[in-house]
Each structure stands twice: as C-alpha cells, then as structure tokens.
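No experiment lies behind these values; they were computed from the predicted model shown. When a ligand or atom number is given, it counts from 1 through the structure's own listing order.
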Amino acid sequence: MSKQGYIDEAEKELLHTYNRYQIVLDKGEGVYLYDTDGKKYLDFAAGIAVQAFGYGKKEYNDALKAQIDKLMHTSNLYYNVPIIHAAERVLKASGMDRVFFTNSGAEAIEGAIKSAKKYAYTRDGHAGHEIIAMEHSFHGRTIGALSVTGNAHYREPFEPLMPGVKYATFNDLSSVEAQINENTCAILFETIQGEGGIYPATEEFMKGVRKLCDEHDILLILDEIQCGMARSGEMFAWQHYGVKPDIMTSAKALGCGVPVGAFLMTERVAEKSLVPGDHGTTYGGNPFVGAAVDKVLELMEKEHLTEHVKEIAPYLEKRLDELVEKYDFLTARRGMGLMQGIVCEKPVGQVSAKALEEGLILITAGSDVLRIVPPLIIEKEHVDEMVEKLEKVFQKMK
Ligand SMILES: *Cc1c(COP(=O)(O)O)cnc(C)c1O
C-alpha cells in the first residue's frame with residue numbers, strides 16, 4: 001500500500017486524538033528509522049525519550065524473544081522470575097526499597113498518588129489529603145494524572161477532576177511553601193520538566209522542597225518518567241542533586257519499547273502505604289516486561305550508558321549553543337544530559353515537520369521549544385548530522 005493509502009486508512013479507523021506527522025514508520029536500525037517508502041531518518045526523538053538503545057539492539061531483542069517462547073504472562077496472583085530480577089536491578093539503581101510495576105507512565109503516577117494518600121491516611125487516621133503539583137507540569141492523561149498536570153487546557157474539558165490538588169510555580173520555593181497546609185500529603189514534580197518545555201529543577205528548589213517535606217512530614221514524589229533511565233547522565237536525574245525522593249515514578253525508557261512503568265518508594269513510606277486489596281493490575285510486571293526491564297538495566301550498567309551520556313552531552317550542548325548564537329530566532333538552550341530544549345521563535349511545529357523532509361525526526365515541547373531527546377547511544381557524528389540537517393531547515397525558513 002502507498003504511504004497515503006496507509007494514512008487515509010488510519011484516519012478512518014483510529015480515533016483522531018493526534019495530529020500525526022505525515023510519515024509511516026516501518027523499521028529501525030541503530031539511531032535511524034525508515035518509513036514505508038524506504039526513506040531514512042536520523043532519530044532525535046527516540047519514540048519520546050523511550051528508545052535509549054535506539055533500534056535493533058541484539059541482546060535486548062534476543063532476551064525478549066527467549067521470554068516470549070518461555071512465558072509471557074501469568075497475572076500477579078503468582079510470582080515470576082524475570083520481574084524479581086528486574087525489581088532487584090531497579091531498586092539497586094534507584095536506592096529505593098519497594099517497587100510496583102505498571103503498564104504506563106500515567107499509571108505509575110496514579111500509583112504514586114494512591115501511595116501518598118494511603119500513607120497520610122494511615123498516619124493521620126483520616127482521609128482528605130491534598131497534593132501540591134507544579135504549573136506547566138505533565139504527568140499523563142488518565143484522570144488522576146491529569147488532575148496533577150499543570151496545563152489547564154488539557155484539564156478543562158474533563159473537570160471535575162480529582163479534588164485536593166494545588167498548583168505552585170516550578171523552581172519557586174516560596175510559591176510551594178504558600179500552598180502547604182495541614183492536609184498536604186505530597187509535593188509532586190518532574191525533576192526535569194519535559195512536555196512543559198525542558199526545565200531542569202534548580203538545586204536550590206530541590207533542596208528547599210526536600211527540607212519543607214522533612215519539616216512537615218510531606219512526601220516528595222519525583223516524576224522521572226522522561227528524565228530518568230540515564231538520560232540526564234545519572235540513572236535518575238534526582239541523583240545529580242544530593243536529595244532523595246520518598247516516592248518516584250519511571251516509565252518510557254524503563255522498557256525501551258515494551259509498555260511498562262513503575263512507582264517506587266522507601267520502606268518508611270511502604271510501611272504505612274498500600275496493602276493487599278489497595279492496588280493491582282492484570283498485566284503489570286508480567287514475565288515479558290520483566291525480561292525487558294531486567295535486560296535494559298543490565299545493558300545500561302554493562303555499557304556504562306550514564307558515562308557515555310556524560311561524555312557526549314557537552315558536545316551536543318556546545319553544538320546547540322552555537323546554533324543559538326548563530327540564529328537570532330533561537331533564544332535559549334536548556335536541559336541536562338541528552339534531554340535538551342532550544343527555545344525557538346519560529347513555529348516549532350513547522351520546524352519539526354520540515355525536519356522530516358530533511359530526514360530528521362525531531363519533536364517539540366511546550367509551544368516554543370525544539371526538544372532534543374535522542375537515543376542515548378548517539379555519537380558525535382550523529383550530533384553533527386543533526387545540526388547539519390537542522391541548519392538546512394532553518395535556511396529554508398529564513
Ligand atoms: C510521558 C510522561 C508521562 C506519562 O507517561 P505515559 O506512559 O504516556 O502514560 C508522565 N510523566 C512524564 C514526565 C512524562 O514525560
């Protein structure tokens with residue numbers, strides 16, 4: 001079938017919840033994707049910060065194939081071996097004590113919210129607790145996750161949402177402090193805001209919120225769904241700051257293509273939180289995703305992926321800074337590791353659409369940011385190729 005044939009068919013069948021780019025992706029190899037016409041693309045989006053190893057990673061594919069032949073699913077009524085290995089690795093990497101595996105990021109956020117509420121309920125002997133979330137945050141599209149997402153445009157049609165959510169300004173400690181009251185059970189934010197426009201938390205904010213949480217017995221929940229799993233140069237971005245969350249979430253690159261997320265907590269929280277009957281999922285943490293998570297974490301460690309990110313990121317930053325210097329419609333660069341954004345005064349949707357014509361896959365964040373979240377295995381030559389392609393796009397838009 002022709003590309004247009006596929007697109008027409010998809011638009012008849014799929015619920016129209018996305019304005020998709022007009023390409024049909026067919027296969028991938030390394031940091032390159034190919035569409036059904038055989039056109040090659042350099043991928044600097046990684047399926048939205050998911051494909052840490054790019055495409056066709058042999059050890060990962062082999063592990064999944066072997067697990068498919070052995071056992072895919074059993075339900076959580078029984079134990080299974082791959083998820084035990086995966087849990088051990090993710091707890092070691094995070095320094096957390098307990099993990100619950102979910103099927104997506106939004107579902108990990110749901111679990112984190114329930115965990116915090118249950119902790120406060122057990123401690124205080126009553127319900128009615130509140131959560132402080134941030135403006136411009138993004139935590140997912142389910143009702144609970146939407147309730148803590150700081151974009152009124154996403155929330156409005158679905159109100160009333162979960163009550164008891166207050167919003168503060170990210171990186172503004174006094175705005176957080178102003179929202180705290182005796183019912184506050186948790187403060188939730190992304191260590192590096194992703195969809196909102198690539199804003200890393202400042203050290204002052206991280207340390208300040210941690211201190212407020214300690215003073216008021218409030219739980220700090222960090223959403224590491226996009227910025228975690230080595231992307232920032234540490235396995236989890238909060239590890240740059242010398243503070244530790246009480247609850248954290250992961251997803252996206254946790255499975256590197258297999259739908260899986262997780263919420264994790266310290267023993268102190270777990271002791272007063274969810275117990276049998278409080279939470280569950282049919283698929284979550286089945287043997288198949290367990291094999292994926294186990295292999296992803298094994299390979300990240302074996303291949304020193306955080307070290308690689310630390311090595312390559314300064315070069316990416318330098319090349320992006322050069323662009324910001326050269327083009328007056330590029331006004332700033334922000335980010336950490338291989339999670340970078342450039343603020344662009346030209347319509348970013350047009351830039352990313354034109355980038356496709358040049359064979360470059362690039363996504364946006366917020367209304368004016370070009371988001372750079374490539375596979376973590378990129379080398380300098382890929383950064384150069386990306387910059388070259390992007391400059392061709394800029395020339396065309398002058
Ligand atoms: C993508 C994302 C989510 C939601 O994850 P899904 O798997 O799409 O449900 C939540 N938080 C952050 C920071 C994300 O980037």
Side-chain angles (χ1 to χ4, degrees), residues 15 17-18 20 45-52 90 94 100-116 131 133-151 154-155 158 161-162 165 167 170-171 186-201 206 220-232 234-238 245 247-264 281 283-285 289 292-293 296 334-341 363-366 369 371-374 376:
L15 193 66
T17 56
Y18 285 95
R20 292 174 211 263
I48 318 187
V50 167
Q51 302 289 3
V90 77
S94 64
F100 183 105
F101 289 98
T102 67
N103 307 288
S104 69
E107 208 189 321
I109 293 291
E110 300 285 335
I113 293 171
K114 281 180 72 175
S115 300
I131 291 174
M134 301 298 142
E135 283 151 12
H136 306 297
S137 62
F138 180 85
H139 299 292
R141 303 299 204 138
T142 56
I143 294 289
L146 197 55
S147 304
V148 289
T149 285
N151 182 332
Y154 288 168
R155 292 198 310 265
F158 308 103
L161 294 169
M162 179 180 79
V165 180
Y167 285 96
F170 189 57
N171 280 338
I187 299 173
L188 162 67
F189 59 90
E190 300 150 84
T191 315
I192 305 171
Q193 284 194 335
E195 307 295 317
I198 316 293
Y199 289 93
M206 270 290 224
L220 173 58
I221 308 176
L222 292 179
D223 181 346
E224 289 268 338
I225 290 169
Q226 189 162 158
C227 61
M229 297 302 288
R231 181 155 295 279
S232 72
E234 294 290 349
M235 192 55 93
F236 296 103
W238 59 260
I247 300 175
M248 60 163 277
T249 57
S250 180
K252 290 199 163 90
L254 180 64
C256 281
V258 163
V260 59
F263 59 96
L264 304 94
T281 159
Y283 270 126
V289 303
V293 173
V296 165
R334 290 189 294 261
M336 213 188 252
L338 293 184
M339 182 167 176
Q340 298 284 339
I363 52 176
T364 63
V369 175
R371 174 167 29 168
I372 289 128
V373 286
L376 304 183

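The closest side-chain heavy-atom distance from M162 to V148 is below 4.5 Å. Put simply, the side chain of E195 reaches to within 4.5 Å of the side chain of I48, judged on heavy atoms. Here the side chains of T102 and F263 are in contact, with some heavy-atom distance below 4.5 Å.
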Atom pairs, nitrogen or oxygen, ligand 1 to protein, under 3.5 angstrom:
{"unit_1": "ligand 1", "atom_1": "7 (O)", "unit_2": "G105", "atom_2": "N", "d": "2.8"}
{"unit_1": "ligand 1", "atom_1": "9 (O)", "unit_2": "G105", "atom_2": "N", "d": "3.4"}
{"unit_1": "ligand 1", "atom_1": "9 (O)", "unit_2": "A106", "atom_2": "N", "d": "2.7"}
{"unit_1": "ligand 1", "atom_1": "11 (N)", "unit_2": "F138", "atom_2": "O", "d": "3.3"}
{"unit_1": "ligand 1", "atom_1": "11 (N)", "unit_2": "D223", "atom_2": "OD2", "d": "2.7"}
{"unit_1": "ligand 1", "atom_1": "15 (O)", "unit_2": "Q226", "atom_2": "NE2", "d": "2.8"}
{"unit_1": "ligand 1", "atom_1": "15 (O)", "unit_2": "K252", "atom_2": "NZ", "d": "2.6"}

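Proximity of a side-chain donor or acceptor of Q193 to a complementary backbone N or O of E135 within less than 3.5 Å is detected.
F138 and Y154 have perpendicular rings, their planes meeting at more than 60° on a 0 to 90° scale where under 30° would count as parallel.
Scanning all heavy atoms of the two residues, the minimum distance from S137 to T149 falls at O-CG2, 3.4 Å.
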